[in-house]
Amino acid sequence: MRIIHHKPTLRTAIASLRSAGKIALVPTMGALHEGHLTLVREARAVGAQVVVSIFVNPRQFGAHEDLDAYPRQLEADAALLAQEQVAILWAPGVEEVYPAGYATNISVSGVSEGLDGAARPGHFDGVATVVCKLFNQVQPDFALFGEKDWQQLAVIRRMARDLDMAYPLVENIIGVPTAREKDGLALSSRNAYLTTQEREQAPILAAAMREAIAAMEGGAAVGPALALVQDKLLAGGFSSVDYVALHDADSLTPLTELGKAPARLLVAARLGKARLIDNMAVRPLG
Ligand code: PAF
């Protein structure tokens with residue numbers, strides 16, 4: 001595995017990798033866990049040479065968010081990726097991605113509004129901008145993202161469609177189901193912020209969501225089912241709830257009742273220093 005920090009070296013390495021076949025990109029911010037490694041394995045399963053990027057993107061963190069505290073462990077991450085037969089680890093510094101004079105922003109309206117877009121103003125502009133740059137730098141045939149960040153995936157697909165991106169084509173942007181601990185907690189680099197006691201409380205999130213989904217799919221009204229999730233989180237040690245919401249799975253339009261199209265239950269809540277997000281499918285009415 002080659003570890004590359006500068007664009008000219010990347011360009012040459014990508015050209016020679018391309019002569020060996022298709023390329024799949026797995027964009028990450030590092031602090032890799034089993035969820036990221038699942039993305040890498042899925043990338044290899046599409047028959048591509050795998051490039052993983054590690055870049056903690058300052059533009060997607062708000063002024064009071066955890067940019068400085070975000071875990072950075074390049075050596076340990078590189079060792080994990082080498083075991084997964086990754087061809088290139090692309091690990092640029094901030095100056096390489098946003099050199100002096102950098103002035104361009106990508107903003108995707110619609111799907112990036114509401115949910116994390118409302119709770120974290122500017123976050124999805126930062127994500128869309130850096131992902132567009134990573135796509136241009138690596139020019140992958142495929143790109144893989146975790147479904148845990150459901151709204152992020154919708155924003156990236158919208159951007160690729162709207163900008164007529166060819167590397168990758170929108171249909172080659174692959175969403176991979178959320179990897180979970182045995183107790184249901186969605187894997188996330190931010191789980192590292194949880195204390196031992198908070199880690200024991202955290203699975204309430206997935207359990208409350210499953211309960212609400214079973215109720216809604218069984219015919220219960222949406223409003224009370226969502227309120228139940230909020231109550232369980234606050235009673236279970238979470239300090240605040242940013243949102244508990246039901247949305248159309250594709251357009252992310254808010255829903256007040258289940259319809260005939262697939263829906264998604266999405267939640268963001270704070271437990272200690274960690275802001276946990278999760279989402280799950282809700283079956284449409286038969
Ligand atoms: O999901 C992430 O880790 C980041 O938002 C991404 C897609 C790597 C962009 O910085």
Side-chain angles (χ1 to χ4, degrees), residues 1-44 46 48-61 65-102 104 106 123 125-146 148-149 152-153 156 167-168 173-174 176 179 187-193:
M1 181 181 80
R2 291 189 63 186
I3 304 178
I4 300 178
H5 302 289
H6 299 290
K7 284 182 277 191
T9 322
L10 179 73
R11 222 168 285 135
T12 319
I14 290 289
S16 81
L17 197 61
R18 190 173 299 289
S19 62
K22 304 257 188 211
I23 296 175
L25 172 66
V26 178
T28 81
M29 297 205 300
L32 302 181
H33 50 65
E34 199 54 31
H36 296 110
L37 302 183
T38 307
L39 297 181
V40 171
R41 289 170 199 143
E42 290 292 326
R44 285 191 27 235
V46 300
Q49 304 278 344
V50 182
V51 177
V52 173
S53 63
I54 294 186
F55 178 63
V56 182
N57 173 33
R59 293 176 75 101
Q60 68 186 76
F61 288 77
E65 292 187 353
D66 55 348
L67 174 62
D68 292 336
Y70 200 85
R72 289 164 174 86
Q73 45 178 65
L74 190 63
E75 256 182 57
D77 288 346
L80 286 174
L81 295 174
Q83 283 170 12
E84 298 291 335
Q85 292 145 49
V86 166
I88 295 175
L89 167 53
W90 169 223
V94 175
E95 282 302 308
E96 192 74 10
V97 178
Y98 302 117
Y102 184 86
T104 302
I106 295 188
H123 170 67
D125 283 15
V127 170
T129 302
V130 80
V131 170
C132 179
K133 284 175 69 69
L134 292 167
F135 284 176
N136 286 336
Q137 290 158 1
V138 176
Q139 304 211 329
D141 301 284
F142 303 94
L144 292 91
F145 296 88
K148 177 169 163 288
D149 295 297
Q152 166 172 284
L153 187 53
I156 291 166
Y167 292 100
I173 295 177
I174 300 169
V176 177
L187 298 192
S188 163
S189 305
R190 289 190 167 99
N191 292 351
Y193 299 152

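Here, residue 1 is the first one in the sequence, and each next residue gets the next number.
Looking only at distances, a side-chain donor or acceptor of S19 sits under 3.5 Å from a matching main-chain atom of S16. Between the side chain of D141 and the backbone N or O of A24 there is no donor-acceptor pair closer than 3.5 Å. Here the side chain of H5 pairs no donor or acceptor atom with the backbone of P92 at under 3.5 angstrom. Of the possible polar contacts, none joining the K148 side chain to the S188 backbone as a donor-acceptor pair under 3.5 Å is found. A donor-acceptor pair is defined here as one N or O able to donate and one able to accept, closer than 3.5 Å; no such pair exists between the side chain of H6 and the backbone of P8.
Between the CD1 atom in I4 and the CD atom in E96 there is a gap of 11.0 Å [rounded to 0.5 Å]. To the nearest 0.5 Å, atom CG of residue L81 and atom NE2 of residue H36 are 9.5 Å apart. Taking CG of L144 as the reference point, atom CZ of R44 lies at 12.5 Å (rounded to 0.5 Å). Remark: Q139 CD to R11 CZ distance equals 9.5 Å, nearest 0.5 Å. Here the straight-line distance linking atom CG of L153 with atom CD1 of I173 works out to 8.0 Å at 0.5 Å rounding. To the nearest 0.5 Å, atom CG of residue L37 and atom CD of residue E42 are 12.0 Å apart.
Counting heavy atoms from C-beta outward, I156 and F145 have side chains that approach closer than 4.5 Å. Between F61 and H123 the shortest side-chain heavy-atom distance does not fall below 4.5 Å. A heavy-atom distance below 4.5 Å is not found between the side chains of V46 and K22. I14 is not listed as a side-chain neighbour of W90, based on a closest heavy-atom distance of 4.5 Å or more.
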Tell me which donor-acceptor pairs under 3.5 Å the side chains of residues 49-56 have, and how far apart each pair is, sequence neighbours excluded?
none

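Of all non-hydrogen atoms in M1 and A82, the two that sit nearest each other are SD-N, 3.8 Å. Scanning all heavy atoms of the two residues, the minimum distance from G126 to N57 falls at O-ND2, 3.0 Å. Closest of all the heavy-atom pairs between L89 and V86 is N-CG1, 4.5 Å.
With sequence neighbours left out, Y98 forms a ring-ring contact (aromatic ring centres under 6.0 Å, His included) with Y102. For R59, there are no salt bridge (charged side-chain N to carboxylate O under 4.0 Å, His left out) partners, not counting sequence neighbours.
For D77 and R72, the salt-bridge test fails: no basic side-chain N is under 4.0 Å from an acidic carboxylate O.
D66 and Y193 are linked by a side-chain donor-acceptor pair at a separation below 3.5 angstrom, with hydrogens and angles left out of the test.
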*For side chain to side chain contact (heavy atoms under 4.5 Å, CB included), just list the numbers for S189 and M29, CA-CA rounded to whole Å, side-chain angles, deciding distance to a tenth of an Å, and then say yes or no.*
CA-CA 9 Å; S189 305; M29 297 205 300; over 6 Å; no
_Apply side chain to side chain contact (heavy atoms under 4.5 Å, CB included) to residues E65 and Y70 and explain how you reach the verdict._
CA-CA 9 Å; E65 292 187 353; Y70 200 85; over 6 Å; no
*For the pair V176 and T38, evaluate side chain to side chain contact (heavy atoms under 4.5 Å, CB included) and give the outcome as yes or no after the intermediate values.*
CA-CA 8 Å; V176 177; T38 307; 4.2 Å; yes
